[in-house]
Amino acid sequence: MTNPYAVPANLPDDRGVYGDHARLLRGGFLYRVIEFESPFEGTFVYDGWWFRQQISINGIKAWFRISWLTIFRNAEFRLPVEVDPEQPAVSVEIRFTRGLSIQRFRVWVGERLVYDEIN
């Protein structure tokens, strides 16, 4: 009899869980580049370097915060009209380790979770 809770013998090499229509192009310390095919088409960039955090989509700045004292873990904004004329709401949740590495990175468009990365 096999253990139903046992870890599978052949785990995929990719770490994390990604959305069906999104893929991580590049990830690093306080940095992510994600390509989306749906619910919008474009390149999503999160950059948290040099005491500032910003999110841009297709080169258009969508969210920005200065983080001298606090690293913001949540971002809420509307998609730029150039990306989607209906401008749906976007929420981003970032969970950091003590060393400020990204442990979990999630993106919602409206109520739909479109990207979920777990490290």
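Counting begins at 1 with the first residue of the sequence. Every value quoted in this text rests on a predicted model; they were computed, and no experiment measured them. Worth knowing before you read on, the calculation uses all heavy atoms, side chains too, and leaves out hydrogens, waters and symmetry mates.
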Item to complete: Provide the full list of side-chain hydrogen bond (donor to acceptor under 3.5 Å, both in side chains) pairs with a residue in residues 37-56, sequence neighbours left out, each pair given once.
Response: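 Every pair satisfying side-chain hydrogen bond (donor to acceptor under 3.5 Å, both in side chains) with a residue in residues 37-56: Tyr46-Gln53.
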
Fill in: Shortest non-hydrogen contact from Asn74 toward Trp63
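Residues Asn74 and Trp63, closest heavy atoms: O-CZ2, 3.9 Å.
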
Worksheet item: Which ILVMFWY residues are connected to Trp108, directly or by a chain of links, through side-chain heavy atoms under 4.5 Å apart?
Response: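 Noted: Trp108 shares its cluster with Leu113.
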
Worksheet entry | Tyr115 and Phe36: CA distance, side-chain angles, deciding distance, side-chain contact (heavy atoms from CB on, under 4.5 Å) verdict | CA-CA 9 Å; Tyr115 181 82; Phe36 283 93; 4.0 Å; yes

Item to complete: Taking salt bridge (Lys or Arg N to Asp or Glu O under 4.0 Å) as the test, write out the residues that go with Glu35, two or more places apart.
Response: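 For Glu35 the salt bridge (Lys or Arg N to Asp or Glu O under 4.0 Å) partners, ignoring immediate neighbours, are Arg23.
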
Worksheet item: Checking side-chain contact (heavy atoms from CB on, under 4.5 Å) for the pair Ile94/Ile102: CA distance, chi angles, key distance, verdict?
Response: CA-CA 7 Å; Ile94 308 167; Ile102 294 174; 4.1 Å; yes

Fill in: Leu30 with Phe64, same ILVMFWY side-chain cluster at under 4.5 Å
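Leu30 does not cluster with Phe64.
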
Fill in: Residue pairs, two or more places apart or on separate chains, that pass salt bridge (Lys or Arg N to Asp or Glu O under 4.0 Å) and touch residues 74-93
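Only Glu93-Arg106 qualify under salt bridge (Lys or Arg N to Asp or Glu O under 4.0 Å).
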
Practice prompt. Would you mind listing every salt bridge (Lys or Arg N to Asp or Glu O under 4.0 Å) that reaches into residues 61-72, with sequence neighbours excluded?
Written response: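 For residues 61-72: none.
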
Worksheet entry | Contacts of Thr97 that satisfy side chain to side chain contact (heavy atoms under 4.5 Å, CB included) - sequence neighbours left out |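 So Thr97 forms a side chain to side chain contact (heavy atoms under 4.5 Å, CB included) with Ser101, Gln103.
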
Worksheet entry | side chain to side chain contact (heavy atoms under 4.5 Å, CB included) involving Arg26 - partner list, sequence neighbours excluded |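 Expected list: Tyr31, Val33.
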
Practice prompt. Mind running side-chain contact (heavy atoms from CB on, under 4.5 Å) on Leu24 and Phe105 for me, showing each step along the way?
Written response: CA-CA 11 Å; Leu24 180 65; Phe105 194 93; over 6 Å; no

Item to complete: Please say whether more than 12 non-hydrogen atoms of neighbouring residues, nucleotides or ligands are located less than 6.0 Å from CZ in Phe72.
Response: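 Result for CZ/Phe72: enclosed.
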
Practice prompt. Quick one: do Val92 and Ile55 satisfy side-chain contact (heavy atoms from CB on, under 4.5 Å)? Show the steps, please.
Written response: CA-CA 10 Å; Val92 178; Ile55 294 172; 3.9 Å; yes

Discussion item. Suppose we screen for side-chain hydrogen bond (donor to acceptor under 3.5 Å, both in side chains). Which residues come up paired with Arg104, at least two apart in sequence or across chains?
Written reply: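 If we apply the side-chain hydrogen bond (donor to acceptor under 3.5 Å, both in side chains) test to Arg104, skipping adjacent residues, the hits are Asp116.
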
Worksheet item: Roughly how far apart are Leu79 CG and Phe40 CZ, rounded to 0.5 Å?
Response: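 Output value for this atom pair is 5.5 Å.
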
Practice prompt. Find out whether Pro80 and Gln87 are in side-chain contact, i.e. whether some heavy atom of one side chain is under 4.5 Å from a heavy atom of the other.
Written response: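 Heavy-atom side-chain distance check fails, nothing below 4.5 Å.
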
